[in-house]
> 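Quick one: this structure, given as structure tokens, is what I'll be asking you about.
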Amino acid sequence: VQLQASGGGLVQAGASLKLSCAASGHSYNRYFMGWFRQVPAKEREFVAGISRSGSRVRYEDSVKDRFIISRDNDRKMVYLQMNSLKPEDTANYYCAAVQRILSAEVPTTESDYNYWGQGTQVTVSS
């Protein structure tokens, strides 16, 4: 599967932004999808993940009440709605995918995912 993230930009604190990730390839609904973010000199950080059907989601604690991950399997898309943005949300955001057969749990670590899109930069000014 190939992934293409978009939707980043420069916004003020408190604003909202919606990231999109388009997937190409077959059997998209077999993939768990995730969003990660990275700032320079730091490791990539899990933000949110969603199960194949969309029935299970996981969030990093600092975004739990502000971000919403969703997916549209017919369109092969995954989204990250980001509300009440803070300067500390500034990062390069990546979408990721992994095909899991034996587990129903949403993966939350970078090493769990084996397909990555290019990043889309989100900058939140104070």
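Just so you know, these numbers use all the heavy atoms, side chains as well, and skip hydrogens, waters and symmetry mates.
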> For the pair D61 and K64, find out whether any cationic side-chain nitrogen is under 4.0 Å from an anionic carboxylate oxygen.
yes

> Just wondering, do M82 and V122 contact through their side chains at under 4.5 Å, heavy atoms?
yes

> Taking atom OG of S27 and atom NZ of K76, what is their separation to the nearest 0.5 Å?
8.0 Å

> Assigning hydrophobic clusters by single linkage (Ile, Leu, Val, Met, Phe, Trp, Tyr; side-chain heavy-atom cutoff under 4.5 Å), is V11 placed with F67?
yes

> Kindly compute the distance separating OH (Y93) from OG (S6), expressed to the nearest 0.5 Å.
15.0 Å

> Quick check: closest heavy atoms across R66 and S84, and the distance to 0.1 Å?
NH1-O, 3.0 Å

> Grab the two heavy atoms, one from Y59 and one from A48, that are nearest each other, plus how far apart they are.
CD2-CB, 3.6 Å

> Report the C-alpha separation of Q81 and S70 in whole Å, then their side-chain angles, then the decisive distance to 0.1 Å, and conclude whether the side chain to side chain contact (heavy atoms under 4.5 Å, CB included) test is met.
CA-CA 8 Å; Q81 176 66 46; S70 62; over 6 Å; no

> Would Y79 and M33 show up in the same hydrophobic cluster when neighbours are defined by side-chain heavy atoms closer than 4.5 Å?
no

> Roughly how far apart are N29 CG and Q99 CD, rounded to 0.5 Å?
9.5 Å

> Which heavy atom in Q118 sits nearest to a heavy atom in A5, and how many Å separate them?
NE2-O, 2.7 Å

> Taking a hydrophobic cluster as the set of Ile, Leu, Val, Met, Phe, Trp and Tyr residues connected by side-chain heavy atoms closer than 4.5 Å, whether directly or through intermediates, do V57 and V47 fall within one such cluster?
yes

> Does the side chain of V124 come within less than 4.5 Å of E88's, by heavy atoms?
no

> Using 0.5 Å steps for rounding, measure from the OG atom of S24 to the CG atom of L3.
7.5 Å

> Going from OH on Y113 to CZ on R44, what distance comes out if it is rounded to the nearest 0.5 angstrom?
12.5 Å

> Please check if V1 and I69 belong to a single hydrophobic cluster, counting links between Ile, Leu, Val, Met, Phe, Trp and Tyr side chain heavy atoms closer than 4.5 Å.
yes

> Quick one: pull up CD in Q12 and CG in L85 and give me the separation to the nearest 0.5 Å.
11.5 Å

> Any non-hydrogen side-chain atom of R52 less than 4.5 Å from a side-chain atom of F32?
yes

> Check whether F46 forms a cation-pi arrangement with R58 (NZ or CZ under 6.0 Å from the six-membered ring centre, at most 45° off the ring normal).
no

> Taking the six-membered ring of Y28 as reference, does the NZ or CZ atom of R71 fall below 6.0 Å from its centre and within a 45° cone about the axis?
yes

> For S53 and N73, which heavy atoms make the closest approach, and how far apart are they?
CA-ND2, 4.4 Å

> Looking only at heavy atoms, which two atoms of W35 and L19 are closest? And how far apart?
CH2-CB, 3.7 Å

> When you group the ILVMFWY residues by side-chain heavy-atom contacts below 4.5 Å and let the links chain together, are L17 and L80 in the same group?
yes

